[in-house]
Number of protein chains: 4
Amino acid sequence: MPKISDQHREQRRAQILDAAWRCIHREGVQATTMEEIIAEAGLSASAMYRYFSGKEDIVVSAITTSLRGLSERLVPLIDATDDLGVPELVARIGSEIRAFSARRGFDLVPIAVHGWSEAQRNERVRAVLREFYGAFRARLADRVRRWQRDGAVAPRSDPAEVAEVLLSLVLGFVAQAAIMGDVDPAAHRRGLAALARTTPPAVELKQRTRSSR
Amino acid sequence: MPKISDQHREQRRAQILDAAWRCIHREGVQATTMEEIIAEAGLSASAMYRYFSGKEDIVVSAITTSLRGLSERLVPLIDATDDLGVPELVARIGSEIRAFSARRGFDLVPIAVHGWSEAQRNERVRAVLREFYGAFRARLADRVRRWQRDGAVAPRSDPAEVAEVLLSLVLGFVAQAAIMGDVDPAAHRRGLAALARTTPPAVELKQRTRSSR
Amino acid sequence: MPKISDQHREQRRAQILDAAWRCIHREGVQATTMEEIIAEAGLSASAMYRYFSGKEDIVVSAITTSLRGLSERLVPLIDATDDLGVPELVARIGSEIRAFSARRGFDLVPIAVHGWSEAQRNERVRAVLREFYGAFRARLADRVRRWQRDGAVAPRSDPAEVAEVLLSLVLGFVAQAAIMGDVDPAAHRRGLAALARTTPPAVELKQRTRSSR
Amino acid sequence: MPKISDQHREQRRAQILDAAWRCIHREGVQATTMEEIIAEAGLSASAMYRYFSGKEDIVVSAITTSLRGLSERLVPLIDATDDLGVPELVARIGSEIRAFSARRGFDLVPIAVHGWSEAQRNERVRAVLREFYGAFRARLADRVRRWQRDGAVAPRSDPAEVAEVLLSLVLGFVAQAAIMGDVDPAAHRRGLAALARTTPPAVELKQRTRSSR
DNA sequence: GATGAATGAGTCTTCATTCAT
DNA sequence: AATGAATGAAGACTCATTCAT
């Protein structure tokens, strides 16, 4: 008896969250009205409130759930013991984000940006995002350490700092895709690979320049 | 008479836009109410509508104006004929964005994220952002070409693709700062420098062996 | 079968009415929601509607039932052939009301006031209260007549008018307890006794002089 | 300039409070909807909220304002140095309450009962009522002291306790009028006068009875 | 006999905008 | 040129009640 009920409940919650995602995707968090979510979910206002305590609950749940799903797809990628290089991994993550989006009739890219915006004003959303991206960055740092062991990344660099740059690349890929709409993972891979073939960076260059004068 | 009027007009508009920035910074575009902007600007509701046709007008104007100001500070950086390397330039841009924020009682970092979010649903905002970031990216591509001429970036790589990665780094820096709050330009510079010393992965290694030798 | 059913039915009804009392005691009639009563009674929404036709039915039934209970305790007091004086009887009634309250986890004093309020807008509640208080007043009038026979109350006064004053004293005791919270029956007894030792005012003095002597 | 504005403001607030009284008179506090008050006041919902912060604000203000008005009419009565006796004063107060009601298209008697009910669940209303009735009772105690000096009330009785009984009489008069609808001040005056001609109360009677056995 | 799920009408409140002065 | 006052449409959320099982 509880089994059916619980199952029903989870099903309804998923239905509502999916509707919420489609709405947020279109209008962002604040401009999405309960009425829209309700219409999109195909049920009545009062029914909603049996499953979620309010708009914020829906928003936070939707973000949490979705990040969990995204996490399930990204973590194996990062943890994999393949011999992908930095540009390849970044590109793979980008592809995965795009693929994740495509599945359910909404695009994760604009939603991510809406979520970042909401995190600026909603403490709970901020907490959820921080936890997710913090864990993501920590995993990237682990990968950097493995790259260092394999000799693919300079051994004396700080894995945390490299992971920070990698996270920026991923977030920046999403942001640029959201705004410009024209970025693709392969181009990013090539561009990043080009940077990796860069001659020694400017600080050292400068120092050399100075010392040579 | 018209001169004074125009000057007055511009002054009032600036006053309103500044108020709008402070509000948007706190609450985002959608959750900011006209009432808040009016209160923050210290004038009457009807006065507002004498200088702007409505909320959207204020939002678009505020974003346009601010990006123009940001542009004025970033363009010289990118166009400069100094011998900054890639990581250094990215770090400098990050610092500049942070510095730009600090001046007027609001932080550009959250505002940027709010703007990206708004661009997903407001065509005019999207157009403004696309133009700005497109021009920014084009300028970065020019810089990449110069780096290529100087031998600091691999000569056969596509400048547009490298510029795309650079833009991602900058946007990602902003996004990460907005969400995590703990990134600083120097760490990014060092992390990026580490990536630039990366050994290409096995597959690529062969290619490089072929092409560069 | 019908017997068990009836017994079961009465038991369920009592359970619901008790729950309703506890809710009304806390929030008043209008602000008490069916949901609250349902939760307090510990059964389902639909079960409710099997035993009562709706909220009004519950409210009217609860008031009726409770007044019947109160009546059972007050009537013997009034009808008793003890030699209680006016102040003592009023105080005893007050004590009884307080005691009646204490039994079941709710306080009759606030509930009475909520009932009076509801009677202003609900015809059925008004009818129930009028009948109860009317009968109560009539019984008090009987007692006044007995007091007159005993010489405890001036013989030529109108028993109905004296009963009216006595009812006011009882209702006022309840109202004052509800609002001020600090009245106790004993103080009322003493205060009322003091009034009974009052010297009639000048105008009345003459009349009394004439009529009683 | 501020003068006109302030005057306008007070006028509008009075208009709204009057509308609120008429609604509360009909339906009680909880069952009165903002929509009703708005319609009764003849303005728009948003206009209301310029003058009152919400429903509770209206309710508390309405009660406060009205009690102030009632106070202005009752205080002179109680403080007067006329030679009214206890029954006469109680009756006069009752008449005044009825007269106060009649003026503005609503009846204070049901409203008072609604207010008492609301006080059971709304702290601010309770505070307002307690202050009012507390002050009222204190004034009655002063009057009792004067009666004691004049010899109209037994000198050794506690004025506070007598005042408590007097307040009960007034509140009870209101309650009885609200519920039964048939009480009038003159009947109360006569009934109370009859009680004042009562033979020594039962406690003493009893004691005497016992001691005489 | 009983219940969990559902709902339409309504509840208070706020919004961007306009109007009379 | 400027403002305080006003508004209609919509915002999130709740209510008493009913229905399919």
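Protein chains get the first letters and strands the later ones, always in sequence-line order, with residue 1 at the start of each.
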Q: Tell me the partner of F:dT17, counting only Watson-Crick (N1-N3 plus N6-O4 or O6-N4) or G-U wobble (N1-O2 and O6-N3) with both under 3.5 Å; none if nothing fits.
A: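 Base partner found: E:dA6.
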
Q: Roughly, in whole Å, what's the span from CD in B:E35 to C1' in E:dT17?
A: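 Rounding to the nearest Å, CD of B:E35 and C1' of E:dT17 are 12 Å apart.
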
Q: Taking the side chain of C:T33 as its heavy atoms from C-beta onward, which of F:dC15, F:dT17, F:dA2 lies nearest to it?
A: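 For the C:T33 side chain, the nearest candidate turns out to be F:dC15.
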
Q: Measure the distance from CD1 on C:I37 to P on F:dA16 and round it to the nearest whole Å.
A: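 That distance rounds to 8 Å.
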
Q: What is the separation between atom CD1 on B:I38 and atom P on E:dT17, rounded to the nearest whole Å?
A: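 So the CD1-P distance, B:I38 to E:dT17, works out to 10 Å.
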
Q: If you only use heavy atoms from C-beta on, which nucleotide in F:dA16, F:dG11, E:dT11 is closest to the side chain of C:Y49?
A: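 When the side chain of C:Y49 is considered, F:dA16 is the closest of F:dA16, F:dG11, E:dT11.
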
Q: Does C:S46 place a side-chain N or O at less than 4.0 Å from the phosphate oxygens OP1/OP2 of E:dT3?
A: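 For E:dT3, neither OP1 nor OP2 has a side-chain N or O of C:S46 closer than 4.0 Å.
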
Q: Choosing from F:dT17, F:dA2, F:dA6, which nucleotide comes nearest the side chain of D:R12?
A: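 Of the options given, the side chain of D:R12 lies nearest F:dA6.
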
Q: Touch check for D:Y51, heavy atoms < 4.0 angstrom, all strands: base, sugar-phosphate only, or nothing?
A: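 Sugar-phosphate contact only - D:Y51 comes under 4.0 Å of backbone atoms but never of a base.
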
Q: Round to the nearest Å and state the distance from A:R9 atom CZ to E:dA5 atom C1'.
A: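 Computing the A:R9:CZ to E:dA5:C1' distance gives 12 Å.
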
Q: How close or far is atom P of F:dT14 from atom CE of D:M34, stated in whole angstroms?
A: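 Roughly 18 Å, once rounded to whole Å.
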
Q: Nearest to the C:K55 side chain among F:dT17, F:dT7, E:dT13, which nucleotide is it?
A: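 Nearest to the side-chain atoms of C:K55, counting from C-beta on, is F:dT17.
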
Q: Measure from the side chain of C:A45, starting at C-beta and using heavy atoms only, and say which of F:dT3, F:dT14, F:dT18 lies closest.
A: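 For C:A45, the side-chain atoms sit closest to F:dT18.
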
Q: Around atom CD of B:E10, are there more than 12 heavy atoms from other residues, nucleotides or ligands closer than 6.0 Å?
A: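 Correct, the count exceeds 12.
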
Q: Could you go through D:E40 and D:R26, starting from their C-alpha distance and side-chain angles, then the distance that decides it, and tell me whether this counts as salt bridge (charged side-chain N to carboxylate O under 4.0 Å, His left out)?
A: CA-CA 12 Å; D:E40 184 80 35; D:R26 285 196 299 267; 3.1 Å; yes

Q: Rounded to whole angstroms, how far apart are CZ on A:F52 and P on F:dT14?
A: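 Taking CZ of A:F52 and P of F:dT14, I get 15 Å after rounding.
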
Q: A side-chain contact here means heavy atoms from C-beta on lying under 4.5 Å apart; do B:I37 and B:I24 qualify?
A: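 The answer is no, as the side chains (C-beta and beyond) never meet within the 4.5 Å cut-off.
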
Q: Parallel, tilted or perpendicular: which describes the rings of B:W116 and A:W116, with under 30° parallel and over 60° perpendicular?
A: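 Because their plane-to-plane angle is over 60°, the rings of B:W116 and A:W116 count as perpendicular.
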
Q: Whole angstrom is fine here: how far is it from CZ in D:R50 over to C1' in E:dC19?
A: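 Answer to the nearest Å: 13 Å.
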
Q: Counting the atoms with a prime plus P, OP1 and OP2 as sugar-phosphate, which does A:S53 contact under 4.0 Å by heavy atoms, base, sugar-phosphate, or nothing?
A: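 If one applies the 4.0 Å heavy-atom cut-off, A:S53 turns out to touch nothing in the nucleic acid.
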
Q: Please give, in whole Å, the distance from E:dA16 C1' to A:Q30 CD?
A: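 About 16 Å, once rounded to whole Å.
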
Q: Could you please spell out the steps behind the side chain to side chain contact (heavy atoms under 4.5 Å, CB included) verdict for B:I179 and A:R126?
A: CA-CA 7 Å; B:I179 301 161; A:R126 187 161 58 240; 6.0 Å; no

Q: Strictly below 4.0 Å: does A:H8 bring a side-chain N or O up to OP1 or OP2 of F:dA20?
A: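 Checking A:H8 against F:dA20: no side-chain N or O falls below 4.0 Å of OP1 or OP2.
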
